[in-house]
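All remarks here apply to the structure that follows.
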There are 2 protein chains.
Amino acid sequence: MLVLVSYDVSFENPDGKRRLQKIAKICENYGQRVQYSVFECVVDPAQWAQLRHRLLDAYDEEVDSLRFYFLGKNWQRRVEQHGAGEAYDPETDVLIL
Amino acid sequence: MLVLVSYDVSFENPDGKRRLQKIAKICENYGQRVQYSVFECVVDPAQWAQLRHRLLDAYDEEVDSLRFYFLGKNWQRRVEQHGAGEAYDPETDVLIL
């Protein structure tokens, strides 16, 4: 299934930059970065449970925002992409940014 | 239906800031900003056609990225939100950022 992970990390406190890097690094292990703070992750339920746990552990619930969107197995018909970085398939391709 | 709109606007050329503001302004007319460059838009097919047209007209296909994710009518079960800005319903609530 495809899970879209998007995040906003606050730089209000000095730890923000570290959290941003950590969250991006976690996502990189499970999916493809498609925009600066958006990852598309093709995961099975066990991988998703692990990814979710790691992200919730890394963010600051007081100031950061984490959003997960479940696009399911037939996610291709739910995604439309335009411009830079378009035309790749997260199940088969690697996106060079 | 809920359409998630996410964008990356490049600041490579001096027009980037203007495009970013324009794209955000277009999205504000159709949905709720949930993160810095992510909007959730509850739209009917006619509104979606209009929104899509305006966005594709405003972005620079060479350097910007626009992504649309179609969450359908039963989108509530496809969204999970954590942290800042959580617990609002784009069909009924206004989010104060």
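Chain identifiers are assigned alphabetically (A, B, ...) following the order of the sequence lines, protein sequences preceding nucleic acid strands; residue numbering begins at 1 within each chain.
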* Hey, could you give me the CG/CD distance between A:Asp64 and B:Gln35, rounded to the nearest 0.5 Å? =>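 Result: 10.0 Å between the selected atoms.
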* **More than 12 heavy atoms of other groups within 6.0 Å of A:Phe70 CZ** =>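 Count over threshold, so yes.
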* Asked: Are more than 12 heavy atoms from other residues, nucleotides or ligands located less than 6.0 Å from atom CD of A:Glu80?
  ->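 Buried by this count: over 12 neighbours within 6.0 Å.
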* Using atom types as modelled and distance alone, determine if a side-chain donor or acceptor of B:Arg78 lies under 3.5 Å from a backbone N or O of A:Tyr69. =>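 Between the backbone of A:Tyr69 and the side chain of B:Arg78 there is no qualifying donor-acceptor contact (under 3.5 Å).
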* **Considering all heavy atoms, the nearest A:Ala84-B:Ser65 contact** =>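 Nearest pair, atom of A:Ala84 first, then B:Ser65: O-CB, 3.5 Å.
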Interchain contact, [X] with chain A, by part (heavy-atom threshold 4.5 Å):
X: B:Arg77; result: backbone
X: B:Val38; result: side chain
X: B:Leu56; result: side chain

* With a 4.5 angstrom heavy-atom cut-off, which part of A:Val63 approaches chain B: side chain, backbone, both or neither? ->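 Looking at A:Val63, just its backbone touches chain B.
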* Asked: A:Leu4 versus chain B, heavy atoms under 4.5 Å apart: side chain, backbone, both or neither?
  ->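 Just its side chain gets close to chain B.
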* To do: For the pair B:Phe68 and A:His82, name the ring-plane relationship: parallel under 30°, tilted 30 to 60°, perpendicular over 60°.
  =>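 Aromatic pair B:Phe68/A:His82 classed tilted.
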* Asked: Do you know which of B:Gly72, B:Ser6, B:Ser10 has the most heavy-atom pairs with chain A at a distance under 4.5 angstrom?
  ->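 Highest number of pairs under 4.5 Å: B:Ser6.
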